[in-house]
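Scroll down for the structure; my scribbles are underneath it.
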2 protein chains.
Amino acid sequence: MTSSDLTRNQQVVLKALSGSNVPLSAYDILDLEQVRDQGLKAPLTIYRALDKLQALELVHRIESLNAFVACDHGPHSEPVGFMSCDRCRKTIELPVGACEDVLRSSAKANGFKLDRITVEVSGRCTDCVEGT
Amino acid sequence: MTSSDLTRNQQVVLKALSGSNVPLSAYDILDLEQVRDQGLKAPLTIYRALDKLQALELVHRIESLNAFVACDHGPHSEPVGFMSCDRCRKTIELPVGACEDVLRSSAKANGFKLDRITVEVSGRCTDCVEGT
DNA sequence: ACATTGCCTGTTATATCATTACATAACCGG
DNA sequence: CCGGTTATGTAATGATATAACAGGCAATGT
Ligand SMILES: [Zn+2]
Ligand SMILES: [Zn+2]
Ligand SMILES: [Zn+2]
Ligand SMILES: [Zn+2]
């Protein structure tokens, strides 16, 4: 399945996220003119599109923000984390393969079999590093 | 400030979390008999106690679960992450100082100044590693 | 004593995030 | 055509979290 196989709703949602420089919640997406104009008007419509896009790794969910971003790095060979500026919300992907190794052995030492990892970092981007 | 300085509400909430072997949401806490019996009956009462307990590092929030756990390791010298079993919900703390180092330099390479890190891992505990 | 301050509390309402339930349509391989 | 799967529409509800405002209560300074 490639991105050209996306349904109309999925395309609309993906485009909304791609066009944003910050993570958007499902309701943020729903409120966009470009989305409303396409006839999407119920939360479930957005969430269903997001579910599919996440499964395709075209979109990531950021747990600590309850928000979503378009993937800007194509298929991932290693797990991905996120770094968000807590002033301007700018968010970038961080490869976290190195973390995964550490975590996997740490989990193993505690008798856990690791499945999924969530790594989310907040701080300040270059533009925002000074000031409020 | 020590834990003996906690207010009544804070003590009730902390005790509820300490007595659970799985993370609890604010509403889970609110629904507990032992909590209701103490007169706590509004979500805000629970959230306020949780805020304070988190500030004291007596309680941690797990972003990916929207839930809270009592800290079982006292004051932390390094950042802490969590490993949760996605079948039985058992959750343990994982020290993530090693991850922090990796993330800090990765963030720095991208012009970010790192502040707070969230590391949450899911998988299966020993008891649950086989089966559904 | 009195006012000031800070912190905790109670109550109500509201905001924000996400899913359930059920019906309908579209698509595809027998 | 039939039966299975996937996508969609619509409405209602559930789950998580905060806003706004009033009042209590102890510590502090004068
Ligand atoms: Zn990505
Ligand atoms: Zn910024
Ligand atoms: Zn802890
Ligand atoms: Zn388990």
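Lettering follows sequence order; numbering is per chain, from 1. Values reported hereafter were calculated over all heavy atoms of this structure, with side chains retained and with hydrogens, waters and symmetry mates removed. Keep in mind that what you see is a predicted model, and the values were worked out from it rather than measured.
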Distances under 3.5 Å between protein N/O atoms and the N/O atoms of nucleotides 21-28 of chain D, please, pair by pair.
none

- [ ] Measure the angle between the two terminal helix axes of the helix from dA1(C)-dT30(D) to dG30(C)-dC1(D), five base pairs each, and quote it to 10°.
- [x] 20°

Task: Distance test, side-chain N/O of Arg61(B) to OP1/OP2 of dA17(D), below 4.0 Å - done: yes

Open item on the list: Show every salt bridge (charged side-chain N to carboxylate O under 4.0 Å, His left out) that has at least one partner inside residues 64-73 of chain A, sequence neighbours left out.
Closed with: none

Open item on the list: Is any side-chain heavy atom of Cys125(B) closer than 4.5 Å to one of Cys88(B)?
Closed with: yes

Task: Length of the CG-C1' vector between Asp51(A) and dT20(C), whole Å - done: 14 Å

Task: Integer-rounded Å distance: dT13(D) P and Leu44(A) CG - done: 16 Å

Task: N/O (side chain, Thr7(B)) to phosphate O (OP1/OP2, dC7(C)) under 4.0 Å - done: no

Open item on the list: If I take atom CD in residue Gln10(B) and atom P in nucleotide dT9(C), what distance separates them, rounded to the nearest angstrom?
Closed with: 6 Å

Open item on the list: Classify the ring geometry of His60(B) against His76(B): parallel below 30°, tilted from 30° to 60°, perpendicular beyond 60°.
Closed with: tilted

Task: Distance, rounded to the nearest Å, where Ile62(B) contributes CD1 and dT16(D) contributes C1' - done: 16 Å

Open item on the list: If you compare every side-chain N and O of Lys52(A) against the phosphate oxygens of dT6(D) (OP1, OP2), does one of them come in below 4.0 Å?
Closed with: no

Open item on the list: In this structure, how many angstroms lie between the P atom of dC8(C) and the CG atom of Leu53(B), rounded?
Closed with: 11 Å

- [ ] Kindly say if Lys41(B) contacts the phosphate of dG10(C), meaning a side-chain N or O under 4.0 Å from OP1 or OP2.
- [x] no

Task: side chain to side chain donor-acceptor pair (under 3.5 Å): pairs with one or both residues in residues 20-33 of chain A, sequence neighbours excluded - done: Ser25(A)-Asp28(A)

Task: Separation of dT19(C) P from Ile46(A) CD1 (nearest whole Å) - done: 14 Å

TODO: Whole angstrom is fine here: how far is it from OH in Tyr47(A) over to P in dT6(D)?
DONE: 23 Å

Task: d(CG, Leu14(A); P, dA7(D)) in whole Å - done: 15 Å

Task: Fellow cluster residues of Leu44(A), listed by chain then number, with links counted only when side-chain atoms sit under 4.5 Å apart - done: none

Task: Which residue lies more 5' along DNA chain D, comparing Pro43(B) with Gly39(A) via nearest heavy atoms - done: Gly39(A)

Open item on the list: Heavy atoms within less than 4.0 Å of DNA chain D: which residues of residues 20-32 of chain A have one? Give them sorted by number.
Closed with: none

TODO: Please determine if a side-chain N or O atom of Asn9(A) lies less than 4.0 Å away from the OP1 or OP2 oxygen of dT8(D).
DONE: yes

Open item on the list: If the condition is side-chain contact (heavy atoms from CB on, under 4.5 Å), which residues does Pro23(B) pass it with, not counting sequence neighbours?
Closed with: Ile62(B), Leu65(B), Ala67(B), Val69(B), Thr91(B)

Task: Nonpolar side-chain network containing Val102(A), other nodes, edges under 4.5 Å - done: none

Task: Nearest atoms (heavy-atom pairs only) where Glu93(A) meets Phe82(A) - done: CG-CE2, 3.8 Å

Task: For Arg8(B), side chain to side chain donor-acceptor pair (under 3.5 Å) partners two or more places apart - done: Gln38(B)

- [ ] Please answer whether the main-chain N or O of Leu6(A) pairs with a side-chain N or O of Gln11(A) as donor and acceptor at a distance below 3.5 Å.
- [x] yes

- [ ] Name all residues meeting the salt bridge (charged side-chain N to carboxylate O under 4.0 Å, His left out) criterion together with Arg48(B); count only those two or more places apart in sequence or in a different chain, and write none if there are none.
- [x] none

Task: Nucleic acid contacts of residues 63-70 of chain A, taken as heavy-atom distances under 4.0 Å to DNA chain D - done: none

Task: Val12(A): which of Val35(A), Thr7(A), Ile29(A), Leu32(A) passes side-chain contact (heavy atoms from CB on, under 4.5 Å) - done: Val35(A)

Open item on the list: Quick one about Glu63(B) and Thr118(B) (side-chain donor to acceptor, distance below 3.5 Å, no hydrogens or angles considered), yes or no?
Closed with: no

TODO: For residues 94-119 of chain A, pull every pair meeting salt bridge (charged side-chain N to carboxylate O under 4.0 Å, His left out), keeping only residues two or more places apart or in separate chains.
DONE: Glu100(A)-Arg104(A)

